[in-house]
Chemist: 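For reference, the structure I am asking about is given below.
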There are 2 protein chains.
Amino acid sequence: MGINTVFEALSHPVRRKVLALLKAGPLSAGDLATHFDISRPTLSVHFAKLREADLVVVERQGTSLIYHLNASILEAALASLLSLKDDEE
Amino acid sequence: MGINTVFEALSHPVRRKVLALLKAGPLSAGDLATHFDISRPTLSVHFAKLREADLVVVERQGTSLIYHLNASILEAALASLLSLKDDEE
DNA sequence: ACGCTAATTAGCGAAATGACTAATTAGAGT
DNA sequence: ACTCTAATTAGTCATTTCGCTAATTAGCGT
């Protein structure tokens, strides 16, 4: 929890790519996996970090888990970064 | 180098606080240190990561090193985050 | 050259990260 | 109940991170 967790989640390229893929719309873990060259378990741990940061939300659909982007948390990170630059708090 | 390095640099609370302090204006390493409870060498390593990411720029002034925020890199990070959210670019 | 202050770099240890394979859980279908 | 597929969790290992203290580098003043 907290903005810390969010920034840590954002610090790995695989996780940022996951978010980029989800930007276009929800995808299952399996569908996401086709875009990466790492093992599914490893990717699953990346998903877990994104969930922990609330950057994604999961919905079960049969045996599949569908991942959705959580834009509001992305906004929070954006706001936090913006606050380092501008004079708005 | 690269946006990767930038996000990694941003992933630690101490380093984000350094940037927040520099937002108000340049500060020496020593002045920055007064705001933290960690040892100076440890803080120095945090500075090094910020330099590596080009998030800060250093200027020597006598025996002091003055750190400046590099807003353009912050903008790059901002843009990268924004691209995860919106449809622009 | 010496000493003083500012800051970094070196070296070390504990803990976290990120990769893998193997094992487990969860749901759907027969 | 059994089996198949989807996905996660457990266990292991190598590497990185981040904290510390000790040692080094850089500049200023005497």
Chemist: Where the side chain of A:Lys49 is concerned, which of D:dA6, C:dT17, D:dT21 is the nearest nucleotide?
Modeler: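 In terms of side-chain proximity for A:Lys49, the closest of D:dA6, C:dT17, D:dT21 is C:dT17.
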
Chemist: Sub-3.5 Å donor-acceptor pair from the side chain of A:Arg15 to the main-chain atoms of A:Glu8, do we have one?
Modeler: yes

Chemist: According to a strict under-4.0 Å criterion, is B:Tyr67 in side-chain N/O contact with OP1 or OP2 of C:dT8?
Modeler: yes

Chemist: Sub-3.5 Å donor-acceptor pair from the side chain of A:Arg16 to the main-chain atoms of A:Leu10, do we have one?
Modeler: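 Answer holds: yes.
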
Chemist: Send over the distance from B:Leu10 CG to D:dT17 P, rounded to a whole Å.
Modeler: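 Rounded to the whole Å, the gap is 15 Å.
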
Chemist: Whole angstrom is fine here: how far is it from CG in A:Asn4 over to C1' in D:dC18?
Modeler: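 Result: 14 Å.
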
Chemist: Could you state the atom-to-atom distance from CG of A:Asp37 to P of C:dG18 in whole Å?
Modeler: 18 Å

Chemist: Tell me: CG of A:Leu65 to C1' of D:dA6, nearest whole Å?
Modeler: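 Roughly 8 Å, once rounded to whole Å.
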
Chemist: Does OP1 or OP2 of C:dA19 have a side-chain N or O of A:His12 closer than 4.0 Å?
Modeler: yes

Chemist: Establish, with yes or no, whether the OP1 or OP2 oxygen of D:dT21 is under 4.0 angstrom from a side-chain nitrogen or oxygen of B:Ser39.
Modeler: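 So the side chain of B:Ser39 is outside the cut-off, no N or O lying under 4.0 Å from OP1 or OP2 of D:dT21.
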
Chemist: CG of A:Leu43 versus C1' of C:dA19: gap in Å, rounded?
Modeler: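 Rounded to the whole Å, the gap is 12 Å.
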
Chemist: Is there a side-chain polar atom (N or O) of B:Thr63 under 4.0 Å from OP1 or OP2 of C:dC4?
Modeler: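 For C:dC4, OP1/OP2 do not have a side-chain N/O of B:Thr63 under 4.0 Å.
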
Chemist: Given C:dA10, D:dT8, C:dA7, identify the nucleotide with an atom nearest to the side chain of A:Ala29.
Modeler: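 Between C:dA10, D:dT8, C:dA7, the one nearest the side chain of A:Ala29 would be D:dT8.
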
Chemist: Report the distance from atom CZ of A:Phe7 to atom C1' of D:dT17, rounded to the nearest whole Å.
Modeler: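 Taking CZ of A:Phe7 and C1' of D:dT17, I get 19 Å after rounding.
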
Chemist: Let me know, please, whether A:Arg60 or A:Arg40 comes out on the 5' side of the other along DNA chain C by nearest nucleotide.
Modeler: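 It is A:Arg40, whose closest nucleotide lies nearer the 5' terminus.
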
Chemist: Could you tell me the separation between the CG atom of B:Leu32 and the P atom of C:dA7, rounded to a whole number of Å?
Modeler: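 About 9 Å, once rounded to whole Å.
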
Chemist: Would you say C:dT17 has OP1 or OP2 under 4.0 Å from some side-chain N or O of A:Arg15?
Modeler: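 No, because none of the side-chain N or O atoms of A:Arg15 sits under 4.0 Å from OP1 or OP2 of C:dT17.
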
Chemist: Of the nucleotides C:dA19, C:dT8, D:dA6, which one has an atom closest to the side chain of A:His46?
Modeler: C:dA19

Chemist: For B:Gln61 and for A:Thr42, locate the closest nucleotide of DNA chain D by heavy-atom distance; then report the residue assigned to the nucleotide nearer the 5' terminus.
Modeler: A:Thr42

Chemist: Where the side chain of A:Glu8 is concerned, which of C:dT17, C:dT9, D:dA7 is the nearest nucleotide?
Modeler: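 Comparing C:dT17, C:dT9, D:dA7 against the side chain of A:Glu8, the answer is C:dT17.
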
Chemist: Listing request: all ring-ring contact (aromatic ring centres under 6.0 Å, His included) pairs with a residue in residues 11-35 of chain A, at least two apart in sequence or in separate chains.
Modeler: A:His12-A:His46

Chemist: Could you check how far CG of B:Asp31 sits from P of C:dA6, rounded to whole Å?
Modeler: 10 Å

Chemist: Please report the shortest heavy-atom distance between A:Leu43 and A:Val14, naming the atom on each side.
Modeler: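 Nearest heavy atoms, A:Leu43 then A:Val14: CD1-CG1, 3.8 Å.
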
Chemist: Go through the steps for B:Thr42 and B:Ser39 under the test side chain to side chain donor-acceptor pair (under 3.5 Å), then give the verdict.
Modeler: CA-CA 5 Å; B:Thr42 294; B:Ser39 74; 3.0 Å; yes

Chemist: Of all the choices, D:dT8, D:dA7, D:dC18, which nucleotide is nearest to the side chain of A:Ser44 once you look at every atom?
Modeler: D:dT8

